[in-house]
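Report on the following structure.
Just so it is clear, the structure is predicted and the values come from calculations on it, not from any experiment.
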Amino acid sequence: MIFYSESDCCYCTLFNSFYLDRAVTMLRSLIKNSGEIRIYVLAMDNPAFQILHKLALEKVVLIRHDDFATEELQAVKAQRTVAEYCWTCTAALIRYILDTYQEKVCTYIDADLFFYKNPYCLVEEMLDAGCSVQIVEHRFGKGIFAEHMRKYSGTFCVQFNTFKNDEKATGLLDEWAAQCIECCSSVQNVNTFGDQKYLENWAERYNYVHILQNEGGGVAPWNVHQYHLKSIENGTIRLENKKSKKVEELVFYHFHGLQFLEKGKADINVYKRNFGIEKKLIEFLYRPYIQNVLTERRHLRKGMIQSELCKKRDTIVGKTQRAKRVITREDFLEKAYCKIRGIFLKTRKKDDILEYKIR
């Protein structure tokens with residue numbers, strides 16, 4: 001039996017220069033909360049690589065896109081949107097790190113996460129279970145809308161995926177990477193959606209795939225309504241599941257969909273997703289995160305740590321192309337439901353506009 005420690009585990013992520021402010025915010029939170037680890041960052045464009053090189057963040061190992069991308073990846077890049085190509089690269093990046101750097105365990109993390117606690121406890125859950133792969137559910141909950149979201153977005157979210165460097169995990173990585181080369185579209189349908197829906201039956205097919213049970217990992221706008229802020233003590237945030245009453249320490253939050261608007265306003269894209277959201281919890285999570293991102297943005301614009309992209313835009317968060325989704329007879333009922341639900345939630349859109357002070 002192989003025994004692992006935190007120093008045997010690494011993390012990886014990828015992003016381009018338009019996402020630098022959030023990504024560096026995420027990296028700093030992970031660096032602050034982790035032990036002896038390495039974080040591999042695939043810079044998807046040259047400005048991102050140059051800026052990260054100048055920042056020289058502790059524990060970060062930089063990878064140039066051109067050093068990483070295979071001929072297959074280069075061939076599909078021109079045919080896909082920025083988001084679709086990033087999704088296409090996820091599985092290939094994890095395999096690249098396991099092969100190139102001979103890491104024992106690698107976890108992919110999204111660039112819009114923020115860590116409140118050492119995430120090794122999540123990786124350790126997989127290791128203790130004797131598994132080689134770990135995936136995280138969206139945890140949409142129950143109800144018609146949750147079923148609709150599961151149908152088109154998938155049961156699992158590619159946000160914190162862990163793989164051992166063994167035959168089982170690398171074999172599954174190769175299968176996943178090949179599927180993403182074949183199709184990694186942002187058009188939602190019942191069969192595919194980006195790189196996510198390929199994970200749908202992993203746990204059923206393979207007994208070495210573990211589904212994360214710790215609810216402190218994977219809290220996000222689509223499931224935050226299920227939680228109550230139990231306590232905050234010495235920097236530790238404890239959340240209580242409203243239904244099960246299970247209490248977990250928050251490890252990371254996924255700040256998906258947050259958009260900066262005109263100065264002093266941000267659309268947090270939370271309240272229009274679900275009912276029963278605890279406002280105190282949202283205020284506690286989002287206001288400090290927004291200030292962290294804004295602070296990082298100012299640092300990126302100072303002195304030598306600057307690019308033409310930063311100079312020309314008020315925000316260095318770029319827009320991702322969204323492909324149109326074709327509605328068929330199959331999802332007519334879901335469409336009707338969402339339209340009705342949208343009428344009720346339209347009035348809640350104003351709650352998603354969070355005003356903040358520019359310090």
Within 45° cone of Phe140 ring axis and under 6.0 Å: Arg150 NZ or CZ:
no
Is there a donor-acceptor pair under 3.5 Å between the side chain of Asn201 and the backbone N or O of Glu204?
no
Do Glu278 and Lys242 sit within salt-bridge range, that is, some charged N less than 4.0 Å from a carboxylate O?
no
May I ask you to say whether Lys265 pairs ionically with Glu262, meaning some side-chain N is under 4.0 Å from a carboxylate O?
yes
Below 30° counts as parallel, above 60° as perpendicular, anything between as tilted: where do the rings of Trp202 and Phe163 land?
perpendicular
Phe260 and Leu258: which non-hydrogen atoms are nearest, and at how many Å?
CE1-CD2, 3.6 Å
If you round to the nearest 0.5 Å, how far is CZ of Arg273 from CG of Asn223?
10.0 Å
Does Glu248 come within less than 4.0 Å of Arg238, counting only side-chain N to carboxylate O?
no
Determine whether the side chains of Glu200 and Thr155 contain a donor N or O and an acceptor N or O closer than 3.5 Å.
yes
Distance check, rounded to the nearest 0.5 Å: Glu215 atom CD versus Gln226 atom CD?
7.5 Å
Check side chain to side chain contact (heavy atoms under 4.5 Å, CB included) between Lys168 and all other residues, then give those that pass, not counting sequence neighbours.
Ser132, Asp166, Tyr208
In Å, rounded to the nearest 0.5 Å, how long is the span from NZ of Lys164 to CG of Leu98?
12.5 Å
Is the distance between the ring centroids of Tyr40 and Tyr96 under 6.0 Å?
no
Of Tyr11, Phe114, Phe160, which is the lone residue that meets ring-ring contact (aromatic ring centres under 6.0 Å, His included) with Phe252?
Phe160
For this output row, return yes or no: ring centroids of Trp222 and Phe145 closer than 6.0 angstrom.
no
Measure the acute angle between the ring planes of Tyr152 and His148, then classify it against the limits of 30° and 60° as parallel, tilted or perpendicular.
tilted
